[in-house]
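Report on the following structure.
The structure presented is a predicted model; accordingly, all values stated were derived computationally and were not measured.
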Amino acid sequence: FLENYSPAVVIMQLGIVDCAPRYFPQGAFILKIINRLPFGLNNMFWKLWKGNNNRSPKFAYVIPFTFRKNLIDYFVRCRAAGVKSVIIIQIALPGKKMLLKNPEIFSQVKIYNKIFRDLSREYDFVNIIDPLSKGKDEYYIEDGYHLSENGAMVVYEELAVLMAAIMEKV
C-alpha cells in the first residue's frame, strides 16, 4: 500500500522469518504430509526428526540474493513515492533458548543484517537502528525471540530518538 498512502517515513522490521534455517524447503511435499497427520503422530514425527536432523540455511525462505533484491525494489518504490526516510530495525540477535533450538540462526542474522547495512550506505534515505544487538534474554519471552515488554521498550526508545531527529527535517 506504499503508493496509496505516500508516507513520509517508513519503519521496517522484518527478516527473521526470511533468514531462519529450516528443516525443509518452503512448500516441500513432505511438509504437506506432516501437516495432515493427526496431532499425536505429527508431534511424534517432529520429535524424532528434530532429534536426528539439523536446520539448514539453504532452506531459508528467502535466500540472501533475493532478500537484497526485494529490498532494492522496495527502496526504489519508496523513492518514487516520495518517502523521505526508511528506518530499518535490524534483525534481533536471539536469546539463548532460540540459539539452542536453531544454532545456525546467529550466522544467518549476521548475513541478513549486513545486507541492511550495505544498502543503507547505497540509499541515503535509509537509516538503521540495532536496539537488540546484544541478544539479552531479558529482551525476549520464553521462546528466546519474541519480544518481552523490556525488549519492546528498548526498541521503542531507540526508534523514538531517531524518529524525532527525522521529523525535525521532514
Side-chain angles (χ1 to χ4, degrees), residues 1-2 5 7-26 46 50 54-79 81 83-170:
F1 298 112
L2 175 68
Y5 290 108
V9 178
V10 171
I11 301 170
M12 299 175 73
Q13 185 176 25
L14 55 93
I16 192 64
V17 172
D18 299 323
C19 77
R22 311 258 176 203
Y23 289 110
F24 300 105
Q26 186 175 16
W46 281 116
K50 289 176 181 181
N54 295 318
R55 298 170 202 244
S56 173
K58 73 180 181 182
F59 296 141
Y61 285 167
V62 182
I63 61 171
F65 173 83
T66 305
F67 188 76
R68 178 180 166 76
K69 182 187 175 311
N70 290 344
L71 287 168
I72 290 169
D73 291 346
Y74 189 73
F75 296 154
V76 167
R77 288 178 52 213
C78 284
R79 184 168 280 150
V83 172
K84 302 292 183 221
S85 181
V86 174
I87 300 171
I88 297 173
I89 302 169
Q90 287 213 56
I91 304 168
L93 293 180
K96 290 177 195 160
K97 189 154 188 179
M98 176 79 156
L99 288 170
L100 287 172
K101 289 172 73 175
N102 198 344
E104 295 285 330
I105 192 78
F106 185 81
S107 59
Q108 286 291 97
V109 167
K110 293 280 191 186
I111 290 167
Y112 287 65
N113 277 343
K114 183 178 183 314
I115 293 169
F116 285 142
R117 286 190 308 277
D118 291 347
L119 290 176
S120 74
R121 287 189 286 276
E122 293 178 34
Y123 293 87
D124 61 350
F125 64 100
V126 174
N127 301 282
I128 291 181
I129 62 170
D130 195 8
L132 302 171
S133 62
K134 305 278 188 285
K136 293 181 180 178
D137 285 329
E138 67 193 61
Y139 293 164
Y140 308 104
I141 61 172
E142 189 177 309
D143 66 4
Y145 200 77
H146 291 94
L147 294 182
S148 66
E149 183 177 346
N150 189 9
M153 284 305 296
V154 169
V155 173
Y156 166 76
E157 288 166 1
E158 194 164 331
L159 186 57
V161 169
L162 181 56
M163 278 296 296
I166 288 170
M167 295 313 286
E168 284 180 15
K169 296 177 188 175
V170 174

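With respect to Glu142 and Lys97, a salt bridge is recorded, a charged nitrogen being found less than 4.0 Å from a carboxylate O. The existence of a salt bridge linking Arg77 and Asp73 is excluded, since no basic side-chain nitrogen approaches an acidic carboxylate oxygen closer than 4.0 Å.
The shortest distance between side-chain heavy atoms of Asp124 and Arg79 falls below 4.5 Å. A 4.5 Å side-chain heavy-atom check between Leu14 and Phe116 finds at least one atom pair inside the cut-off. Between Pro64 and Tyr112 there is a side-chain heavy-atom pair separated by less than 4.5 Å. Taking the side chain as every heavy atom from C-beta outward, Tyr123 and Val86 never approach each other to under 4.5 Å.
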(request) Step by step, work out the side-chain contact (heavy atoms from CB on, under 4.5 Å) result for Arg117 and Ile128. (result) CA-CA 7 Å; Arg117 286 190 308 277; Ile128 291 181; 3.9 Å; yes
(message) Apply side-chain contact (heavy atoms from CB on, under 4.5 Å) to residues Ile105 and Ile16 and explain how you reach the verdict.
(response) CA-CA 9 Å; Ile105 192 78; Ile16 192 64; 3.5 Å; yes
(request) Before giving the answer on ring-ring contact (aromatic ring centres under 6.0 Å, His included), spell out for Tyr61 and Phe67 the whole-Å C-alpha distance, their side-chain angles and the decisive distance to 0.1 Å. (result) CA-CA 10 Å; Tyr61 285 167; Phe67 188 76; over 10 Å; no
(request) Applying side-chain contact (heavy atoms from CB on, under 4.5 Å), run through Asn150 and Lys136 and close with a yes or a no. (result) CA-CA 10 Å; Asn150 189 9; Lys136 293 181 180 178; over 6 Å; no
(request) Report the C-alpha separation of Ile87 and Met163 in whole Å, then their side-chain angles, then the decisive distance to 0.1 Å, and conclude whether the side-chain contact (heavy atoms from CB on, under 4.5 Å) test is met. (result) CA-CA 9 Å; Ile87 300 171; Met163 278 296 296; 3.5 Å; yes
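Residue Lys101 qualifies as open at atom NZ: its count of foreign heavy atoms under 6.0 Å is 12 or below. Summarising the local packing, CD of Glu149 is surrounded by 12 or fewer heavy atoms from other residues, nucleotides or ligands at distances under 6.0 Å.
For Asp18, there are no side-chain hydrogen bond (donor to acceptor under 3.5 Å, both in side chains) partners, not counting sequence neighbours.
Rounding to the nearest 0.5 Å places CG of Leu159 at 9.0 Å from CD of Gln13. Interatomic distance, Lys110 NZ to Gln90 CD, rounded to the nearest 0.5 Å: 9.0 Å. The CD1 atom of Ile129 sits 8.0 Å away from atom CD1 of Ile11, with the distance rounded to the nearest 0.5 Å. Lys69 NZ to Ile63 CD1: the interatomic distance, rounded to the nearest 0.5 Å, is 11.5 Å. In this structure, CD in Glu158 is found 9.0 Å from CD1 in Ile89, a value given to the nearest 0.5 Å.
Using bins of under 30°, 30° to 60° and over 60° for the plane-to-plane angle, the ring pair Phe125/Phe75 lands in the perpendicular bin.
Scanning all heavy atoms of the two residues, the minimum distance from Glu104 to Pro21 falls at CB-CG, 3.5 Å. For Arg22 against Val17, the heavy-atom pair with the smallest separation is NH2-O, 2.9 Å. Contact detail for Pro94 and Val109: the closest heavy-atom pair is CD-CG2, 4.5 Å. Of all the heavy atoms in Ala92 and Tyr140, the pair that sits closest is CB-OH, 3.5 Å. Nearest heavy-atom pair across Tyr23 and Trp46 is CD1-CZ3, 3.8 Å.
Of the residues listed (Leu2, Val126, Val9), the one engaging Val83 in a side-chain contact (heavy atoms from CB on, under 4.5 Å) is Leu2, and it is the only one.
Side-chain atoms of Ser148 come within 3.5 Å of backbone N or O of Tyr139 as a donor-acceptor pair. Distance alone, capped at 3.5 Å, is enough to place a donor-acceptor pair between the Asn113 side chain and the Ile91 backbone. No side-chain donor-acceptor contact under 3.5 Å links Asn127 to the backbone of Ser85. Checking side-chain atoms of Gln108 against main-chain N and O of Cys19 turns up a donor-acceptor pair under 3.5 Å. Proximity of a side-chain donor or acceptor of Asn102 to a complementary backbone N or O of Arg55 within less than 3.5 Å is not detected.
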